[in-house]
Amino acid sequence: MGIEDAVREAIRSSFGIDYKEAIPLFRPKKPEFGDISTSVAFQLAKKVGSPPDVVSEKIARKLASRTEMFENVSAQGGYINFHFGKTFFSKLIKDVISGKLPSLIPKLSGGEYVQIEYVSANPTGPLNVVSARAAAVGSSLVNILKRVGYDVKGEYYLNDAGNQIRLLTESLEARIKQLQGEEAEVPKEGYHGEYLLDYAREAIDEGVPDDRLSDWILSRITSEIKETLERFGVHFDNWVSERELRSSGKVKKLVSELDKKHLVYKKNGAVWFAATSLDPKSEQDYVLVKSDGEYSYFAVDIAYHLDKFQRGFAHVWDIWGPDHHGHIKRMQLALRAFGYEKAFSVILLQQVNIVEEGKRRKMSKRRGELVTLNELLDEIDADVARFFFLDRRAGSHLDFDLDLARKESEENPVYYVKYAHARIRSIERLAKLRGITPGSIENLLEIPEFLHLARRVAEYPDIVARTARELEPHVLTDYLLALSRDFHHFYHVYRVITEDRERSGGMLSLVLAVAEVIKDGLALLGIEAPERM
RNA sequence: GCGCCCGUAGCUCAGUUGGAUAGAGCAACGGACUACGAAUCCGUAGGUUGGAGGUUCGAAUCCUCUCGGGCGCACCA
């Protein structure tokens, strides 16, 4: 039985109320308020007609008898504070250092088959830093959702068809002509980046025939994207090609199915999706088939998302860039027509600014001003880049401080966490040398710093669960920084390996548990925990 | 004009979904290596949570208005 259920039962037996709402549990800021607290008495006060402190007193008295869970339960000014017992901490630490950490993490799903689609950048140029952020967030979330029990697949949707590809090819053709001394201009709406000049040179060298140019540039850029992602430690379970989707007949089928639902009409030579009749609040209808007979991007995208659900995914998360937020509503609407609206969510990433020498550099792929992921990885470690991308809420703008990321020391937060791990492994090596093995921590829990660190370790399973629930890896990065801080502090106050072998064993147990948690947490973020630095 | 996101310490950001005295890192200043790694630690300083109302035992968090910033609003993708 969890704490929440225990509290509920105490409420029932004290007041005869079957309390169904969530029990607000939180970690108090001050250690003397216990390991975990609840403010439920404030909510109950009105219902039972007595002041919060009386209510909390009553509940606390009931819960205090649960000695198998708590060492102490007290009511203070309406709050109820719980203190875990020594046996709780002892078992926890023992479990963590004996490899049982993954099993301690709450299961939020019993193997639901779900998908995260991320990056999905058009193969019209190298991956930029927003894609890099998506890659870091997406791949971490895949790991994290797996850990809490989902059967999750990562997918990349490759827009290898349509107008942008035509523009890409035309831009390349223009570059080739320019190199051959002919008069040619890159289309105004085309791709002006320098990288196409390099590709143009290659195409000339390889003697790629004109009618193969489009396929050639696509496969060239796509394989480069794959290489870059590999370099960044990101691997997808599946790649879906827009071109194949179009030729599969699925888009045609989609339009006719929408038609059957009376959500399609013709106007001005185009075929429209009647969003406004599906939802009166919707502002406009959207084109499915353009007057030139081509499917719109939207039509193909609906077919793609429908296909995901037909492949059996119970939930689909898309990670989209800041320029796509206008598309969320219409995709939801389209999926509503098929009953999948609630099984679909978008995680919207905000912009990334590269900051160098205190100045922001804005990026635009079409204008050709960009910092690519490859360039970034030439300069800094993939682990450093990942941590920087993950150490912020997805919804907030990210200032990527390039100068800070370059620093291999001091203020770089990644090394702070890595160093904590390496330090502990170093202690472990010394312990082995002296023949000291992990021992009981029971006698050490009275040391405030020791207890504090043990509490921090105890938080980890819930932190992973929260990260998964909120789909915010930054919850985990923040925790790892806090854990590392607590460890470094502890390290300076107490020596682990001393003449007192029994005490050393207990100390060793705790710091090894810290190392295990750091290693596991970093692994979920796709970052390595080094034995030495 | 309409819609979405964001305004918290000089800077970059947290704040456990409405709880106890709003916290970190960087930058600044002062200190700590004769013991497990100084990529570390300790201390000092820094705030009208953009502003004004409202909801209640209680608001950075929820509602309304307002000011400032970002991004969307194609028969482009």
Side-chain angles (χ1 to χ4, degrees), chain A residues 22 24-30 33 37-39 42-43 45-46 51-52 76-79 81 122 124 159 161-165 167 189 242 267-272 283-284 286-294 296-298 300-301 321-329 348 350-351 355 358 366 391-393 395-401 404 407-416 418-420 422-431 433-434 436 459 462-463 466 469-470 474-475 478-479 481-482 484-485 487-498 504 507-508 511 532-533:
Chain A
L25 292 169
F26 55 93
R27 180 195 156 97
K29 282 164 202 154
K30 299 197 128 195
F33 289 149
S37 301
T38 178
S39 55
F42 290 97
Q43 294 168 10
K46 239 184 286 172
Q76 279 166 56
Y79 294 93
N81 301 324
N122 289 355
T124 53
N159 298 108
N163 211 20
Q164 297 306 316
I165 301 306
L167 282 168
E189 301 292 309
E242 179 185 352
K267 195 179 90 184
N268 300 338
V271 178
W272 295 71
E283 283 162 15
Q284 51 175 303
Y286 304 97
V287 168
L288 294 169
V289 185
K290 298 185 274 182
S291 54
D292 64 4
E294 288 282 310
S296 69
Y297 166 83
F298 182 48
V300 185
D301 214 21
D323 49 334
H324 279 69
H325 89 245
H327 303 256
I328 298 175
K329 264 188 188 156
L348 204 68
Q350 277 305 326
Q351 203 178 336
V355 177
R366 293 189 192 175
D391 189 28
R392 211 133 306 179
R393 298 198 77 90
S396 65
H397 292 226
L398 172 71
D399 279 345
F400 195 110
D401 188 334
L404 178 60
K407 290 188 189 171
E408 283 209 8
S409 61
E410 290 196 70
E411 55 268 59
N412 194 326
V414 199
Y415 295 114
Y416 190 80
K418 288 187 173 222
Y419 183 48
R423 245 184 175 175
I424 295 170
R425 293 309 177 199
S426 168
I427 295 172
E428 188 182 18
R429 286 188 291 271
L430 180 72
L433 218 61
R434 303 253 176 104
I436 289 166
E459 267 185 86
D462 283 332
I463 289 289
R466 220 183 104 207
R469 259 195 296 264
E470 295 186 21
H474 107 93
V475 171
D478 271 13
Y479 167 80
L481 283 168
S484 303
R485 189 175 310 121
F487 165 72
H488 285 308
H489 172 77
F490 179 83
Y491 175 90
H492 274 268
V493 183
Y494 297 99
R495 195 180 156 80
V496 175
I497 308 296
T498 58
S504 298
M507 288 283 189
L508 183 63
V511 298
R532 289 187 171 82
M533 285 172 72

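In this text the structure is predicted, and so the values were computed from the model without any measurement. Reckoned from all heavy atoms, side chains included, excluding hydrogens, waters and symmetry mates. First the proteins, then the strands, lettered A, B, ... as listed; each starts at 1.
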*Can you list the residues that meet the side chain to side chain contact (heavy atoms under 4.5 Å, CB included) rule with A/His489, with sequence neighbours excluded?*
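By the side chain to side chain contact (heavy atoms under 4.5 Å, CB included) rule, A/His489 matches A/Glu449, A/Val493.
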_Integer-rounded Å distance: B/rU17 P and A/Gln43 CD_ =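 That distance rounds to 11 Å.
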*Using atom OH of A/Tyr479 as one end and atom C1' of B/rG25 as the other, report the distance to the nearest whole Å.*
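My rounded result for the distance is 19 Å.
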Considering only atom [atom1], compute the distance from [N] to [M] and round it to an integer number of Å.
| N | M | atom1 | result |
| --- | --- | --- | --- |
| B/rU16 | B/rG1 | P | 34 Å |
| B/rA52 | B/rC11 | C1' | 28 Å |
| B/rC62 | B/rA45 | P | 32 Å |
| B/rG15 | B/rU8 | C1' | 9 Å |
| B/rG46 | B/rG10 | C1' | 9 Å |

Which part of the nucleic acid, if any, lies within reach of [X] when heavy atoms closer than 4.0 Å are counted: base, sugar-phosphate only, or nothing?
| X | answer |
| --- | --- |
| A/Tyr286 | nothing |
| A/Arg393 | sugar-phosphate |
| A/Ala422 | base |
| A/Phe400 | nothing |
| A/Glu294 | nothing |
| A/Asp301 | nothing |

Go through [options] for me and flag the one nearest to the [X] side chain.
| X | options | answer |
| --- | --- | --- |
| A/Arg495 | B/rC41, B/rA35, B/rU16 | B/rA35 |
| A/Glu242 | B/rG19, B/rA77, B/rC41 | B/rA77 |
| A/Asp323 | B/rG37, B/rG19, B/rG72 | B/rG72 |
| A/Ala270 | B/rC75, B/rC36, B/rG37 | B/rC75 |
| A/His489 | B/rC42, B/rG15, B/rG19 | B/rC42 |
| A/His325 | B/rC4, B/rA77, B/rA20 | B/rC4 |
| A/His324 | B/rU12, B/rC36, B/rA77 | B/rA77 |
| A/Ser296 | B/rG37, B/rA77, B/rC73 | B/rA77 |

Measure distances between side-chain N and O atoms of [X] and base N and O atoms of [N], and say whether any donor-acceptor pair falls under 3.5 Å.
| X | N | value |
| --- | --- | --- |
| A/Ser37 | B/rA20 | yes |
| A/Asn81 | B/rA20 | yes |
| A/His327 | B/rA77 | yes |

_Results of ring-ring contact (aromatic ring centres under 6.0 Å, His included) for A/Tyr479 - residues two or more places apart only_ =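 Scan of A/Tyr479 (ring-ring contact (aromatic ring centres under 6.0 Å, His included), adjacent residues dropped) gives A/Tyr460.
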*A/Tyr491 side chain N/O closer than 4.0 Å to the phosphate oxygens (OP1, OP2) of B/rA38?*
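Affirmative; the distance criterion is met.
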*Chi class for B/rC33: syn within 90° of 0, otherwise anti*: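 Judged by the O4'-C1' to base torsion, B/rC33 sits in syn, the angle falling within 90° of 0.
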_I need the A/Arg434 CZ to A/Ser504 OG distance, nearest 0.5 Å._
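Between atom CZ of A/Arg434 and atom OG of A/Ser504 there are 8.5 Å.
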_is_close_aromatic(A/His327, A/Phe298), centroid dist under 6.0 Å_ =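 When the ring centroids of A/His327 and A/Phe298 are compared, they turn out to be at least 6.0 Å apart.
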_Could you spell out the base pairing of RNA chain B as a dot-bracket line? Use Watson-Crick and G-U wobble contacts where both distances are under 3.5 Å, [ ] for crossing pairs, | for partners on a different strand._
(((((((..((((.....[...)))).(((((.......))))).....(((((..]....))))))))))))....
